[in-house]
2 protein chains.
Amino acid sequence: MPDPLPAVLDRIDAAQPQALDRLMELLRIPSISTDPAHADDCETAADWLVAELTDLGFEASRRATAGRPMVVGHGGEGGRHVLFYGHYDVQPVDPLALWNRDPFDPAIEQTARGPVIRARGASDDKGQLMTFLEACRAWKAETGALPCRITVLLEGEEESGSPSLVPFLRENADELRAEFALICDTALFDSRVPAIVTSLRGLLGEEIVITGPERDLHSGGYGGVAMNPARVLTRILGRLHDETGRVQVPGFYDGVGEVSAETLAEWKGLGFSAERFLGSVGLSHPAGEAGRHPLEMLWSRPTAEINGVNAGYTGEGMKTVLPAEARAKVSFRLVGGQDPLRLRAAFRDWVIAQIPPDCRVRFVDHGASPASRMKTDHPIFGAAREALSEEWNERAAFVGGGGSIPIAGYFQTALGMDSLLTGWARADDQIHSPNEKYDLASFHKGTRSWARILSRLA
Amino acid sequence: MPDPLPAVLDRIDAAQPQALDRLMELLRIPSISTDPAHADDCETAADWLVAELTDLGFEASRRATAGRPMVVGHGGEGGRHVLFYGHYDVQPVDPLALWNRDPFDPAIEQTARGPVIRARGASDDKGQLMTFLEACRAWKAETGALPCRITVLLEGEEESGSPSLVPFLRENADELRAEFALICDTALFDSRVPAIVTSLRGLLGEEIVITGPERDLHSGGYGGVAMNPARVLTRILGRLHDETGRVQVPGFYDGVGEVSAETLAEWKGLGFSAERFLGSVGLSHPAGEAGRHPLEMLWSRPTAEINGVNAGYTGEGMKTVLPAEARAKVSFRLVGGQDPLRLRAAFRDWVIAQIPPDCRVRFVDHGASPASRMKTDHPIFGAAREALSEEWNERAAFVGGGGSIPIAGYFQTALGMDSLLTGWARADDQIHSPNEKYDLASFHKGTRSWARILSRLA
């Protein structure tokens, strides 16, 4: 039998309009997992994907969890057995006023850098997961079968910390375990070089709620005598970093370690431009720890970021109130051997020690996952590197990941399975922001990339 | 002619139900001045008061300004010529969920401390201003005329910084100037002793808006490299006070001065209980400058308070975002000779000096008024002190005011007119908070108090 790959790639090229129609359908479903009001939409998205997988010959089903459902499909025979992972849930859309269109009414827009698909989830992660399904579709249409044994697992809670994933993996370990996991939720390096992610930062999410007086107080009647929770909160948050950008929580850097000189040299050789990277979002000065290369900051250094703060009166005009409560959402990106649960305890102790008389603090747990390091000596890494280098005409890079895709860690701990992460997003995709987009070129070449990788797994 | 006062007081007692009905009508009008959505309601409240004054024999009219209208009435002859000031606008009602009823559907509630009128504005300032009008009504009904020459000025922008008041006073100076102003917007001392306010803190309101990246960023993709405006804002706010509670803005204490040992002794003799004062709102530790008596902190020391903070994602769950913008509303209570405009400049300079590369700051002006000190040697102070001591069976106190009623200062600068401030609110009235109330006893004895004061001005 001749190599079917060239014909599969031709078929992908020819069927782009139909592939795009299918993606648009999926993007119209507002499957925001973090907002309970969108629970039904998540079920709709899951059902849509079950139908899609069934159409591709998978034995597919929607599987209930304590939260949003999983979609599982099994198909193909022979070759390597891989598990493909993507997520169908998306980030909230606020501030809605900053979108140039309804985030759930996707459209193709022409931009200076080529056509893009504009919609919430276009890049993170609906567009990406569909590149894999479209590659399967082309392969099936051309050869009558999937190229190898494939299990598909599509999650609906990735944007809200994946609370149901580990229980689901453990309960269905025998069904889901494969030789390797393929995870499609990452980006091209510098928006041009295909990249395989070899490490990922972990994530610890915490919400601080400080309360003081039993009700909001008039600042004329109480100001200067009553303790103001907003003063306490901002004082604590203002001490999170020192003057050089280092995080001040005791023990924060335990287990961090330094990357090897070799890896650092490889990263520095990638031609990364901090000016361009920051310039694309209107900035120019790296703000992390002094003396670190920006890629080092992103890929191998931990962070603390204030994601949200809310206290008192924030509407029109002024209200001279001492708020009864002040809240902040804080998240930490973790690296190396940082232990998220120990760090949570250290952070809480550090906050509690700064709470003055008359204030109380409570915490809301928003998830904790350790950093991951990939098994790059597995032959699948070499195979994928070759496949991607062919498709993109650039040698595929082994990169670090600044984001936290804890999935790879979960697959390792729950199923003893290693992962390969790649994807076709770009730095300007505005994921988690208004006006998210996915380049048509990413969608098209991403689909071709998966076809090339699959041909090597057959 | 015999002294009409006893008959006027009897009439006030007998007509309480009707007086209360009138107040309820006014409380049903949601005249929130700071929210443009309620502009029409402010006009409705003004019209209601014009009708009320007209009914009392005043020549009254609604007077347009650049913002909410003024109500002006002229009535009576002979005796001293006084200007009575009150305001018909009210504070916003959020958080609405904490109210035990619709804030604009007033009702009488029985409480452990007696019956109260529950509604936004019941105490601040609709209930208070109506005590004066009801005293006029009883006087007119009993004697056929007002007891002296009275000009009434009712404002609709007190809760939003009175932007139109000074221009209006200047434009209508000849019409509005009287011998003395009577301002009814203050409280009983310790909820029991009638009080005449002899000093008031000034108020400077500022909003800080810090912007950084041109859009919200994903903390995985940018965290650790991109500057986070919420980090910048909280760092600045966290430095507003030092460890002893002193405000750190350079020059902040210029012009503050110390009260005399004699005044301090008088204040300490008032039997003020910090435990009871703070305990009533669930607190126990004075939080102001170390080493100051709580009444000193409230009446003669300046403050800086954070009234509102808002940045990033504050909804359900977590969003790992670096916000593009962070905002805070900050207000300062001023005393003695502190110059609000100089202080505004110093505050802005202090903030600007802390803005790192890649962030910008802008400010929104929310008003600036200096502290006031009253002319207590004017005979009207002695007369009012006698009248109040009779009504309440407690020697009326000369007290400081922690709040900022800049009106007295405006009357002085725009009309060269001194003011006497008194009122019947109580510390637990929850003005500016959910569940605002006004004691029926305040409404009733307040009306009687004005009748007694007016009899001395006749």
Side-chain angles (χ1 to χ4, degrees), chain A residues 34-35 92 160 205 213-221 223-228 230-231 234-235 237-239 281-288 294 297-298 301 303 305-322 329 331 333 357-358 366 402-404 431-433, chain B residues 34-35 92 160 205 213-221 223-228 230-231 234-235 237-239 241 281-288 294 297-298 301 303 305-314 316-322 329 331 333 357-358 366 402-404 431-433:
Chain A
T34 199
D35 184 349
S160 42
E214 61 193 26
R215 56 181 171 84
D216 288 358
L217 302 176
H218 186 298
S219 76
V225 177
M227 183 45 80
N228 179 339
R231 174 174 151 196
T234 56
R235 192 166 186 83
L237 296 178
R239 288 171 174 162
V281 294
L283 302 176
S284 56
H285 290 71
M297 289 183 201
L298 283 173
R301 299 299 300 173
T303 68
E305 293 291 352
I306 301 163
N307 306 119
V309 190
N310 187 234
Y313 183 70
T314 59
E316 278 281 312
M318 192 77 184
K319 195 174 169 187
T320 51
V321 74
L322 266 67
K329 296 180 203 271
S331 64
R333 299 282 171 178
D358 275 348
H366 287 298
S404 305
I431 63 168
H432 295 214
S433 293
Chain B
T34 197
D35 183 349
S160 42
E214 61 193 27
R215 55 182 171 83
D216 287 358
L217 301 177
H218 186 297
S219 75
V225 177
M227 184 45 81
N228 179 340
R231 175 176 150 193
T234 57
R235 193 168 185 82
L237 295 177
R239 288 170 174 162
H241 302 86
V281 294
L283 301 176
S284 56
H285 290 73
M297 290 184 201
L298 283 174
R301 299 298 300 173
T303 67
E305 293 291 351
I306 301 163
N307 306 120
V309 190
N310 188 232
Y313 183 71
T314 59
E316 279 281 313
M318 191 77 185
K319 195 173 168 187
T320 51
V321 74
L322 265 68
K329 295 181 201 274
S331 65
R333 299 283 170 177
D358 275 349
H366 287 297
S404 305
I431 64 170
H432 294 215
S433 294

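What you are looking at is a predicted structure, and each value in this text was computed from that prediction instead of being measured.
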Undergrad: Report the option among B:Arg301, B:Arg239, B:Lys319 that has the most heavy-atom pairs separated by less than 4.5 Å from atoms of chain A.
TA: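 Heavy-atom pairs under 4.5 Å are most numerous for B:Lys319.
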
Undergrad: Do you know which of B:Gly224, B:Gly288, B:Ala230 has the most heavy-atom pairs with chain A at a distance under 4.5 angstrom?
TA: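 When all of B:Gly224, B:Gly288, B:Ala230 are compared, B:Gly224 has the most.
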
Undergrad: Using heavy-atom distances under 4.5 Å, tell me whether B:Asp35 contacts chain A through its side chain, its backbone, both, or neither.
TA: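 Neither part.
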
Undergrad: Might you point out which heavy atoms bring A:Arg333 and A:Gly402 nearest each other, and give the distance in Å?
TA: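 Taking A:Arg333 first and A:Gly402 second, the nearest heavy atoms are CD-O, 3.8 Å.
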
Undergrad: Please identify, among A:Gly223, A:Pro294, A:Pro286, the residue contributing the most non-hydrogen atom pairs under 4.5 Å to chain B.
TA: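 So the answer, after comparing A:Gly223, A:Pro294, A:Pro286, is A:Gly223.
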
Undergrad: Could you list the residues that satisfy side chain to side chain donor-acceptor pair (under 3.5 Å) with A:Lys329, not counting sequence neighbours?
TA: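 By the side chain to side chain donor-acceptor pair (under 3.5 Å) rule, A:Lys329 matches A:Glu207.
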
Undergrad: Specify which of B:Asn228, B:Ile306, B:Asn310, B:Val225 makes the most heavy-atom pairs with chain A at under 4.5 Å.
TA: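 Top count of heavy-atom pairs under 4.5 Å with chain A: B:Val225.
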
Undergrad: When only pairs under 4.5 Å are counted, which of B:Glu316, B:Met227, B:Met318 shares the most heavy-atom pairs with chain A?
TA: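 Highest number of heavy-atom pairs under 4.5 Å: B:Met318.
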
Undergrad: By side chain to side chain contact (heavy atoms under 4.5 Å, CB included), which residues pair with B:His241, not counting sequence neighbours?
TA: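 Listed in chain order: A:Arg231, B:Val247, B:Ala304.
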
Undergrad: Could you tell me which of B:Leu237, B:Leu217, B:Leu283 has the largest number of non-hydrogen atom pairs under 4.5 Å with chain A?
TA: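 Winner by heavy-atom pair count: B:Leu283.
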
Undergrad: Let's test your reading of the structure: which of A:Pro92, A:Ser160, A:Ser219, A:Gly312 forms the most heavy-atom pairs below 4.5 Å with chain B?
TA: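 The candidate making the most pairs under 4.5 Å is A:Ser219.
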
Undergrad: Flag the pair A:Leu322 / A:His218 as yes when at least one side-chain heavy-atom distance between them is below 4.5 Å, and no otherwise.
TA: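 When only atoms from C-beta onward are counted, A:His218 and A:Leu322 do not touch, as no gap falls below 4.5 Å.
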
Undergrad: Taking B:Glu305 for the side chain and A:Val321 for the main chain, is one N or O donor matched with an acceptor at less than 3.5 Å?
TA: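 Pair absent, no side-chain N/O of B:Glu305 close to backbone of A:Val321.
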
Undergrad: With respect to chain B, which residue among A:Gly238, A:Gly315, A:Gly221, A:Gly205 yields the maximal number of heavy-atom pairs within a distance under 4.5 Å?
TA: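 Most heavy-atom pairs within the cutoff with chain B belong to A:Gly238.
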
Undergrad: Give the member of B:Thr303, B:Asp216, B:Val309 that has the highest number of heavy-atom pairs under 4.5 Å with chain A.
TA: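 Top count of heavy-atom pairs under 4.5 Å with chain A: B:Val309.
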
Undergrad: Does any non-hydrogen side-chain atom of B:Asn307 lie less than 4.5 Å from one of A:Tyr313?
TA: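 Side chain of A:Tyr313 against side chain of B:Asn307, heavy atoms only: no contact under 4.5 Å found.
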
